[in-house]
Amino acid sequence: MKIKLTLTLFLIFTFSILGKEPEFKSLFDGKTLEGWTPMQGGNWEVKDGAILGTSQKSERRHGMLLTNREYSDFVIQAKFCVHKGDSGFYFRSAKVKSAVSVNGFQVEIDTSQETGGLYETGGRAWVKKPSKKAIAERKYEQGKWADLELRAIGRNVTVSINGVVCSELKNDKGRTKGYFGLQLHGRQEMKVKYKDIRIKEL
């Protein structure tokens, strides 16, 4: 893995020198769910230029919206707004047969101040929660749009909310490739929106 990380950093440096650094590309066209596949549970639709996810408390399953392909090393940016419930932005996740549909990391996206933490479904559960300092600085509020930036390069992961680093892992032992996914937590009334999702693959 050290060789892979070194090679990745070398390529980033080389691209910068040659003026060919990878560009951000959209993962959501603002009109359709093309490139994404809904799994069991909940409802996903496009409304007013955003992906809207809703679910009723009677729904036992975790509604998931997954990308059609897997990704490894990247920087991804998105905007999210949580009105109700517990969502999550999954990355490097694997499809499994369960009520959640995937195993792997998620950036916690909910109505609480745990938003921006890292949780591993089917693994270690909570791996990292935001510090009190990050919570004080990032100015995150329920029902308002917030900015997410997620960097996953080799085994290093960094999560920023509204430009403030909330979680950071070095040389982590988790998965290094998988699907992106948006979550609707089961047994909760859910309403969450995502938009402006774009990725720079490294």
Side-chain angles (χ1 to χ4, degrees), residues 1-18 20-25 27 62 64 66-67 69-80 82 86-96 100-110 112-140 146-183 185 194 196-202:
M1 287 299 112
K2 288 184 178 179
I3 295 176
K4 181 179 179 181
L5 177 57
T6 300
L7 178 58
T8 300
L9 293 175
F10 172 76
L11 290 174
I12 294 172
F13 176 76
T14 301
F15 286 141
S16 298
I17 294 297
L18 297 177
K20 297 181 180 180
E21 183 176 350
E23 297 180 353
F24 278 99
K25 296 181 180 179
L27 284 186
H62 286 49
M64 294 294 302
L66 298 181
T67 53
R69 54 160 289 203
E70 296 179 287
Y71 297 84
S72 182
D73 291 354
F74 56 82
V75 178
I76 192 165
Q77 298 176 340
K79 293 183 181 295
F80 65 90
V82 184
D86 184 348
S87 184
F89 192 95
Y90 276 81
F91 63 100
R92 292 177 169 177
S93 57
K95 295 179 183 179
V96 296
V100 186
S101 297
V102 297
N103 281 347
F105 262 133
Q106 65 165 305
V107 177
E108 183 71 9
I109 302 290
D110 64 21
S112 80
Q113 295 305 322
E114 292 179 340
T115 292
L118 286 166
Y119 186 95
E120 187 179 33
T121 300
R124 293 166 285 175
W126 277 108
V127 178
K128 193 81 171 181
K129 291 187 178 183
S131 66
K132 291 182 179 180
K133 183 175 183 295
I135 290 173
E137 292 179 353
R138 70 187 179 189
K139 299 179 180 179
Y140 170 67
D147 293 317
L148 165 67
E149 181 176 274
L150 167 63
R151 293 176 175 266
I153 303 174
R155 293 194 173 277
N156 298 329
V157 177
T158 304
V159 179
S160 297
I161 301 294
N162 290 334
V164 178
V165 174
C166 293
S167 301
E168 194 167 17
L169 301 178
K170 298 292 186 181
N171 196 30
D172 185 73
K173 63 182 181 180
R175 292 172 51 84
T176 57
K177 185 178 181 179
Y179 299 93
F180 289 114
L182 310 180
Q183 178 201 46
H185 202 288
Y194 292 90
D196 299 343
I197 307 172
R198 58 185 199 143
I199 187 172
K200 180 190 294 186
E201 291 188 77
L202 304 175

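Taking the ring centre of Phe24 as origin, the terminal cationic atom of Arg198 falls inside the region bounded by 6.0 Å and 45° from the ring axis.
With a 4.5 Å cut-off on side-chain heavy atoms, Glu108 and Ser167 do not count as touching. Side-chain contact between Leu169 and Phe105 is present, with heavy atoms from C-beta onward closer than 4.5 Å. When side chains are defined from C-beta on, Tyr90 counts as touching Met64, because their heavy atoms get closer than 4.5 Å. Looking only at side-chain heavy atoms (C-beta outward), Val82 and Tyr140 come within less than 4.5 Å of each other. Counting heavy atoms from C-beta outward, Lys200 and Leu202 have side chains that approach closer than 4.5 Å. Annotation: side chain of Tyr71 is not in contact with side chain of Ile76 (no heavy-atom distance under 4.5 Å). Put simply, the side chain of Val107 does not reach to within 4.5 Å of the side chain of Thr115, judged on heavy atoms. At least one side-chain heavy atom of Arg155 sits under 4.5 Å from a side-chain heavy atom of Thr176.
The CD1 atom of Ile135 lies 8.5 Å from the CD atom of Glu114; values are rounded to the nearest 0.5 Å. Taken from CG in Leu118 to CZ in Arg124, the straight-line distance is 9.5 Å, to the nearest 0.5 Å. A distance of 12.5 Å separates CD in Glu120 from CH2 in Trp126, rounded to the nearest 0.5 Å.
A salt bridge is absent between Asp172 and Arg92: the closest approach of a Lys/Arg side-chain nitrogen to an acidic carboxylate oxygen does not fall below 4.0 angstrom. Checked for salt-bridge contact, Glu149 and Arg151 meet the test: a charged N lies under 4.0 Å from a carboxylate O.
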For Ile161 and Phe80: C-alpha separation, side-chain torsions, deciding distance, then whether side chain to side chain contact (heavy atoms under 4.5 Å, CB included) applies. CA-CA 10 Å; Ile161 301 294; Phe80 65 90; 3.9 Å; yes
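A pairwise comparison of heavy atoms in Gly116 and Cys166 identifies O-CB, 3.8 Å as the closest pair. Shortest non-hydrogen contact noted between Ala78 and Ile197 is CB-CG1, 3.9 Å. Minimum interatomic distance between Val165 and Thr158 (heavy atoms only, all atoms of both residues): CG1-CG2, 3.9 Å. The shortest non-hydrogen separation linking Asp86 to His185 is O-CB, 3.0 Å. For the residue pair Gly154 and Asp73, the shortest heavy atom distance occurs at N-OD1, 3.2 Å.
Side chain of Ser87 to main chain of Gln183: a donor-acceptor pair is present (N/O by atom type, distance under 3.5 Å, no hydrogens or angles). Checking side-chain atoms of Asn162 against main-chain N and O of Arg138 turns up a donor-acceptor pair under 3.5 Å. In this structure, the side chain of Ser93 engages the main chain of Tyr179 through a donor-acceptor pair within 3.5 Å.
By the 30° and 60° cut-offs, the orientation of the rings of Phe74 relative to Phe91 is perpendicular.
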